[in-house]
Amino acid sequence: MRFPRASGVLLHPTSLPGPHGSGDLGPEAYHFVDWLVAAGQKLWQVLPLAGIGPGNSPYMSNSAFACNALMIDLGELQQQGWLETADLVPLAEFDAAAVDYAHVHPYRMERLARAAANYAARGTAAQRADFAAFAAEHANWLDDYALFMSLCESCGWRDWCDWAPALARREPQALAAARVRHAERIDFWRFCQWRFYRQWAALRAYANDKGVQIIGDTPIFIAYLSAEVWANPQLFELDAQGRPSVVAGVPPDFFSATGQRWGNPLYRWSEHAKDGYAWWVERVRRTFELVDIVRIDHFRGFAGYWEIPASEPTAVHGRWLPGPGDALFEAIAHALGPVPIIAEDLGVITPDVDALRKKFEFPGMRILQFAFAGDASDRFLPHNHERDTVVYTGTHDNDTVAGWWATATDAERHYARGYLATDGHDMPWTLIRAAMASVADTAVHPMQDVLALPTESRMNYPGQESGWWRWRFDWSEVQPWHAGRLAELVRLYGRA
């Protein structure tokens with residue numbers, strides 16, 4: 001599907017300013033939409049909206065469907081009458097420049113629990129009717145998720161295969177007893193999803209009304225400790241004890257000499273095929289309830305994926321196996337019709353990956369930071385871009401442009417200076433201009449590059465398990481010329 005020529009900014013909501021330790025869906029998110037409009041931007045790209053997992057990564061969520069309760073706007077809960085003014089006093093330990101999850105998580109979860117209890121005690125008839133309608137609409141994933149999270153808490157977050165056997169095997173009698181035993185906490189987890197979905201729907205409607213579309217992100221894999229793996233073990237490559245026999249990752253590449261061992265369970269694609277990929281169809285359907293465009297992470301895994309024995313400590317020893325290919329995306333198209341999907345086609349891209357992407361007319365991705373390590377044939381160089389692509393200065397996995405330029409090789413620096421006709425003094429905006437000028441239909445710039453921030457502001461470092469996903473900005477860093485300069489590039493290069 002061809003996209004209209006436009007540009008946008010990549011910023012996860014947790015990176016927004018705000019008083020409660022982390023960006024959220026409150027007033028600062030609306031202000032950011034207004035800033036995008038002033039900057040002539042038509043797109044806001046976010047990372048997965050799912051809950052965070054190990055290392056605070058949104059790519060290791062405990063659900064493929066549930067969203068991150070830590071992004072709920074606490075101020076809205078006060079407006080509903082479920083929190084007091086005193087509940088919103090921030091902690092002195094909060095950091096305006098980074099999310100300190102050690103303080104943010106307990107602070108926000110405690111207040112969400114208070115709000116849920118106050119709703120249960122004095123929620124209005126209209127509020128209860130809306131909650132009931134939400135729960136009924138989302139019952140096919142919400143019920144398993146709420147029970148799963150309650151059981152995880154009561155079991156100390158052990159792997160679900162180590163729970164009582166009757167719960168691990170989901171025996172009906174054991175599940176029924178657990179629903180009674182954990183009823184209050186189940187209602188809490190359902191409450192959190194209700195408020196997130198309602199707040200997000202309002203924010204998205206505001207953005208859409210302003211002419212801004214939201215690009216979401218669907219990770220190809222999900223965490224082992226997730227509601228969907230527990231509820232559908234037959235769809236994943238698990239052994240007789242319910243543990244992963246093989247795990248996901250990628251072989252050695254630009255980011256890591258030993259590859260990346262992500263550790264997610266792999267799909268048992270033969271089982272998905274039996275019911276026409278119904279689980280995946282529902283996952284994509286639900287994602288489009290939240291966003292306007294979906295970026296599918298690690299698209300190459302649908303053509304062929306790297307299988308790593310679960311016993312291996314790195315990704316070096318693995319093998320390529322065929323993915324579902326055409327069959328999956330034909331099932332999605334049959335159920336949902338043509339949908340706007342961006343294929344993250346980075347890494348080891350073989351002809352079958354390109355063929356799969358082009359058959360379904362999914363725009364691919366071009367990263368300008370990767371463009372200058374080779375010669376004029378490099379596919380990431382702007383003169384080799386195609387219209388049905390999305391060009392980025394960098395992604396959440398890259399260093400910032402300023403950080404990249406500070407550590408680039410002499411050969412990269414020489415090529416980039418010559419190619420871009422620059423002395424290198426302002427590389428973040430030089431690459432933003434190059435992206436805007438590209439023939440690619442879509443150009444997206446991380447907010448860190450708009451602000452020309454150094455390495456310390458990067459969002460993630462692939463292969464490093466902790467210390468990332470924390471960056472935040474402050475409006476004091478944003479000057480009027482930032483929006484003005486973006487708007488001028490939009491005008492110059494026809495991305496209005």
Side-chain angles (χ1 to χ4, degrees), residues 5-11 15 17 32 35-45 97 254 365-376 378 380-385 389-440 442-461 471-496:
R5 189 166 173 81
S7 64
V9 173
L10 168 59
L11 179 86
S15 295
F32 183 69
W35 181 85
L36 289 173
V37 173
Q41 304 303 290
K42 299 291 186 182
L43 301 166
W44 177 8
Q45 182 169 336
F254 173 85
M365 291 174 52
R366 299 294 179 265
I367 312 303
L368 292 183
Q369 285 188 35
F370 295 160
F372 305 102
D375 57 24
D378 194 299
F380 293 108
L381 285 167
H383 72 267
N384 292 323
H385 292 176
T389 51
V390 185
V391 56
Y392 295 80
T393 54
T395 74
H396 63 277
D397 281 335
N398 290 99
D399 201 342
T400 66
V401 169
W404 161 75
W405 186 243
T407 58
T409 65
D410 288 342
E412 283 180 298
R413 286 167 165 265
H414 179 72
Y415 197 164
R417 282 193 291 258
Y419 188 95
L420 299 166
T422 180
D423 62 4
H425 78 283
D426 187 15
M427 284 305 291
W429 277 90
T430 299
L431 286 197
I432 288 173
R433 178 180 288 272
M436 290 286 214
S438 168
V439 298
T442 308
V444 177
H445 336 289
M447 190 66 175
Q448 293 97 317
D449 293 340
V450 174
L451 300 178
L453 297 176
T455 292
E456 290 73 20
S457 298
R458 74 182 291 170
M459 194 64 169
N460 182 43
Y461 197 117
W471 173 74
R472 302 176 71 195
F473 80 96
D474 188 82
W475 285 114
S476 64
E477 301 173 83
V478 184
Q479 304 302 313
W481 68 263
H482 287 112
R485 198 168 178 183
L486 282 174
E488 176 64 3
L489 292 176
V490 164
R491 183 190 68 81
L492 288 173
Y493 297 116
R495 295 190 180 274

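The residues of the chain are indexed from 1 along the displayed sequence.
- Rounding to the nearest 0.5 angstrom, the gap separating the OG atom in S438 from the CG atom in L368 is 7.5 Å.
- Each of L10, V9, V444, L11 was evaluated against W44; a single residue qualifies, L11, per the side-chain contact (heavy atoms from CB on, under 4.5 Å) test.
- Ring geometry, W429 versus W481: the interplanar angle falls from 30° to 60°, so the pair is classed tilted.
- Nearest heavy atom pair, residue V490 against residue A39, reads CG2-O, 4.2 Å.
- No donor-acceptor distance shorter than 3.5 angstrom exists from the side chain of T393 to the backbone of L431, with no hydrogens or angles considered.
- Ring orientation note: the planes of W35 and F32 are close to parallel, at an angle under 30° on the 30°/60° scale.
- Expressed to the nearest 0.5 Å, how far CE of M436 lies from CZ of R5 amounts to 9.5 Å.
- The two residues D397 and R458 make their nearest non-hydrogen contact at O-NH2, 2.8 Å.
- The line from CD of Q41 to CG of L489 is 9.0 Å long, rounded to the nearest 0.5 Å.
- In summary, R491 and E488 engage in a salt bridge, as defined by a charged side-chain N under 4.0 Å from a carboxylate O.
- Distance check, rounded to the nearest 0.5 Å: OG1 of T442 to CD of Q45 gives 10.0 Å.
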- Query: Hey, mind stepping through L381 and Y415 against side-chain contact (heavy atoms from CB on, under 4.5 Å) and telling me if it holds?
  - Reply: CA-CA 11 Å; L381 285 167; Y415 197 164; 3.5 Å; yes
- Task: Given side-chain contact (heavy atoms from CB on, under 4.5 Å), test R433 with L420 step by step and report yes or no.
- Result: CA-CA 10 Å; R433 178 180 288 272; L420 299 166; over 6 Å; no
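- In this structure, the side chains of K42 and R495 stay at 4.5 Å or more apart for every pair of heavy atoms.
- Judged purely by atom type and a 3.5 angstrom limit, H383 uses its side chain to pair as donor or acceptor with the backbone of A376.
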- Task: Take R366 and N384 through the test side-chain contact (heavy atoms from CB on, under 4.5 Å) and record every step on the way to the result.
- Result: CA-CA 10 Å; R366 299 294 179 265; N384 292 323; over 6 Å; no
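- Looking at H482, its side chain does come within 3.5 Å of a backbone N or O of Q479 through a donor-acceptor pair.
- The closest donor-acceptor contact from the side chain of D399 to the backbone of G394 lies at 3.5 Å or more, if one exists at all.
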- Item | Test log, rule side-chain contact (heavy atoms from CB on, under 4.5 Å), inputs F380 and V391 | CA-CA 9 Å; F380 293 108; V391 56; over 6 Å; no
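- A distance of 5.5 Å separates CZ in R413 from CH2 in W405, rounded to the nearest 0.5 Å.
- No donor-acceptor distance shorter than 3.5 angstrom exists from the side chain of Q448 to the backbone of T400, with no hydrogens or angles considered.
- The main-chain N or O of W471 is found under 3.5 Å from a side-chain atom of S15 such that the two form a donor-acceptor pair.
- A donor-acceptor pair is defined here as one N or O able to donate and one able to accept, closer than 3.5 Å; no such pair exists between the side chain of W404 and the backbone of N398.
- A pairwise comparison of heavy atoms in A402 and A452 identifies CB-O, 4.3 Å as the closest pair.
- Between the side chains of S476 and D474, at least one donor-acceptor pair of N or O atoms lies under 3.5 Å.
- Going from atom OG of S7 over to atom CD1 of I432 covers 10.0 Å, rounded to the nearest 0.5 Å.
- In plain terms, the two heavy atoms of G40 and A487 that are nearest each other are N-CB, 4.3 Å.
- Counting non-hydrogen atoms of neighbouring residues, nucleotides and ligands closer than 6.0 angstrom, the CG atom of D423 exceeds 12 such neighbours.
- Using a 4.5 Å heavy-atom cutoff, the side chains of F473 and S457 are not in contact.
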